[in-house]
Peer 1: 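Have a look at this one before I ask anything.
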Amino acid sequence: MRLRFLYWLKREIGFSRKESRGFLLVVPVLTFLAFSPELFSLFSRQIDPATEKDLLEVADSLRLLGFEEVSSPFPVRVGLDTVNRSMQGLRKIPFSEADSITLQVVPGVGPTLAARIIKYEVSMGGFFSKDQLKDIYGVQPEVADRIWEYFEFDGEIRNRLAINDAAVEDLAKHPYISYGQAKVIIAYRNQHGNFQQADDLLKIRIFDPEWIQKIAPYLTF
């Protein structure tokens with residue numbers, strides 16, 4: 001049968017014996033490539049939620065290492081009910097009560113990212129806006145939005161800076177205040193007296209008004 005087919009290729013198409021044999025090797029490969037999207041789709045439908053969560057964590061880690069996402073040439077199953085199914089048996093708690101363990105319930109948040117989010121939130125003293133999550137390195141906008149599907153935003157600021165008593169080092173510990181900015185604040189306070197309100201910082205002309213609005217919720221006078 002094989003010899004007949006080789007003879008047919010030589011007679012009808014003009015293939016040499018070497019070309020005919022090469023063609024026989026290529027046919028199975030082409031057949032596999034032709035059906036691989038269907039095979040991929042078949043296997044992708046069998047991914048369970050736990051495995052899907054692990055894959056999202058791996059993707060998050062790769063993104064942090066600098067890898068970029070590209071679109072797949074194969075059909076990809078998008079689980080429209082992933083969030084609903086993964087939230088079964090859970091209740092929303094205030095974000096201020098979250099820790100690096102409970103945050104990992106969110107698809108796309110692995111141990112490293114969860115620890116970074118909690119460390120940032122603690123150093124801030126709490127969040128006054130949902131968008132502050134997006135200031136954290138490695139938190140993609142879609143992941144930030146997904147976090148609020150699992151946790152209630154309570155806008156609780158637990159720790160504030162007593163700007164009229166704090167030392168340079170105390171102010172500089174806050175993520176929004178650099179060491180240089182802290183030095184300028186203390187120097188102005190020593191020269192002009194205590195601040196009465198956040199707008200008093202506008203008298204320091206090198207400070208941007210938007211930055212002052214940003215740190216105002218974290219100050220006490």
Peer 1: Just to verify, what does Glu97 make a side chain to side chain donor-acceptor pair (under 3.5 Å) with, not counting sequence neighbours?
Peer 2: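 Glu97: no side chain to side chain donor-acceptor pair (under 3.5 Å) contacts found.
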
Peer 1: Calculate, to the nearest 0.5 Å, the distance between atoms CG and CZ belonging to Asn194 and Phe221 respectively.
Peer 2: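 So the gap between those two atoms works out to 10.5 Å.
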
Peer 1: To the nearest 0.5 Å, what is the distance between CG on Leu201 and CD1 on Ile206?
Peer 2: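 The CG atom of Leu201 sits 11.0 Å away from the CD1 atom of Ile206.
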
Peer 1: Search all heavy atoms of Ile118 against all heavy atoms of Ala98 and return the closest pair with its distance.
Peer 2: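 Of all heavy-atom pairs spanning Ile118 and Ala98, the closest is CD1-O, 3.7 Å.
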
Peer 1: Taking only residues two or more places apart in sequence or in another chain, which ones pass ring-ring contact (aromatic ring centres under 6.0 Å, His included) with Tyr188?
Peer 2: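 For Tyr188 the ring-ring contact (aromatic ring centres under 6.0 Å, His included) partners, ignoring immediate neighbours, are His192, Phe195.
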
Peer 1: Quick one: side chain to side chain donor-acceptor pair (under 3.5 Å) partners of Thr102, sequence neighbours excluded?
Peer 2: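 In terms of side chain to side chain donor-acceptor pair (under 3.5 Å), with neighbours along the sequence ignored, Thr102 is linked to Asp99.
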
Peer 1: How long is the straight-line distance from CD of Gln104 back to OH of Tyr150, given to the nearest 0.5 Å?
Peer 2: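 Here the interatomic distance stands at 13.0 Å.
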
Peer 1: Would you say that more than 12 heavy atoms from the other residues, nucleotides or ligands in this model lie under 6.0 Å from the CD1 of Ile101, or not?
Peer 2: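 Counting neighbours around CD1 of Ile101, 12 or fewer heavy atoms of other residues, nucleotides or ligands fall under 6.0 Å, so no.
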
Peer 1: Looking at CZ of Phe153 and CZ of Phe95, how far apart are the two atoms once the value is rounded to the nearest 0.5 Å?
Peer 2: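 Taking CZ in Phe153 and CZ in Phe95, the distance rounds to 9.5 Å.
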
Peer 1: Would you give the length of the straight line joining atom CG of Leu161 to atom OG1 of Thr220, rounded to the nearest 0.5 angstrom?
Peer 2: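 Output value for this atom pair is 7.5 Å.
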
Peer 1: Trp211: what forms a ring-ring contact (aromatic ring centres under 6.0 Å, His included) with it, not counting sequence neighbours?
Peer 2: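 For Trp211, the residues satisfying ring-ring contact (aromatic ring centres under 6.0 Å, His included) (neighbours in sequence not counted) are Phe207.
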
Peer 1: Sorted by first residue and then second, give each salt bridge (charged side-chain N to carboxylate O under 4.0 Å, His left out) pair with at least one member in residues 176-202; sequence neighbours left out.
Peer 2: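 Output for this query lists Asp200-Lys203.
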
Peer 1: For Arg205, check salt bridge (charged side-chain N to carboxylate O under 4.0 Å, His left out) against everything at least two apart and list the hits.
Peer 2: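 Once residues adjacent in sequence are excluded, Arg205 has no partner under the salt bridge (charged side-chain N to carboxylate O under 4.0 Å, His left out) criterion.
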
Peer 1: Between CD1 of Ile186 and CG of Leu171, what distance do you get to the nearest 0.5 Å?
Peer 2: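 Atom-to-atom, Ile186:CD1 and Leu171:CG are 4.5 Å apart.
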
Peer 1: Just grab all the salt bridge (charged side-chain N to carboxylate O under 4.0 Å, His left out) pairs involving residues 158-179, residues at least two apart or on different chains.
Peer 2: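 Every pair satisfying salt bridge (charged side-chain N to carboxylate O under 4.0 Å, His left out) with a residue in residues 158-179: Glu121-Arg158.
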
Peer 1: Which pair of non-hydrogen atoms, one from Pro107 and one from Arg146, has the smallest distance, and what is that distance?
Peer 2: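 Nearest heavy atoms, Pro107 then Arg146: O-NH1, 2.6 Å.
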
Peer 1: Using the side chain to side chain contact (heavy atoms under 4.5 Å, CB included) criterion, which residues pair with Ala172? Sequence neighbours excluded.
Peer 2: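 Expected list: Tyr179, Ala182.
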
Peer 1: Check residues 122-136 and write down every donor-acceptor pair under 3.5 Å in which the side-chain atom is one partner and the other belongs to a residue at least two apart or another chain.
Peer 2:
| from | atom 1 | to | atom 2 | distance (Å) |
| --- | --- | --- | --- | --- |
| Ser123 | OG | Lys119 | O | 3.2 |
| Ser123 | OG | Tyr120 | O | 2.8 |
| Ser129 | OG | Asp131 | N | 3.2 |
| Gln132 | OE1 | Phe128 | N | 2.7 |
| Gln132 | OE1 | Ser129 | N | 3.0 |
| Gln132 | NE2 | Tyr176 | OH | 2.9 |
| Gln132 | NE2 | Tyr218 | OH | 3.0 |
| Asp135 | OD2 | Tyr176 | OH | 3.2 |

Peer 1: Over all heavy atoms of both residues, which pair between Pro94 and Asp154 is shortest? Give the atoms and the distance, please.
Peer 2: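 Distance-wise, the nearest heavy atoms are CB-OD2, 3.2 Å.
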
Peer 1: Would you say Glu210 has more than 12 foreign heavy atoms packed within less than 6.0 Å of its CD?
Peer 2: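 No, the 6.0 Å shell around CD holds no more than 12 heavy atoms from other groups.
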
Peer 1: Less than 4.5 Å apart, any side-chain heavy atom of Ile117 and any of Ile147?
Peer 2: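 Yes; the side chains approach each other to less than 4.5 Å.
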
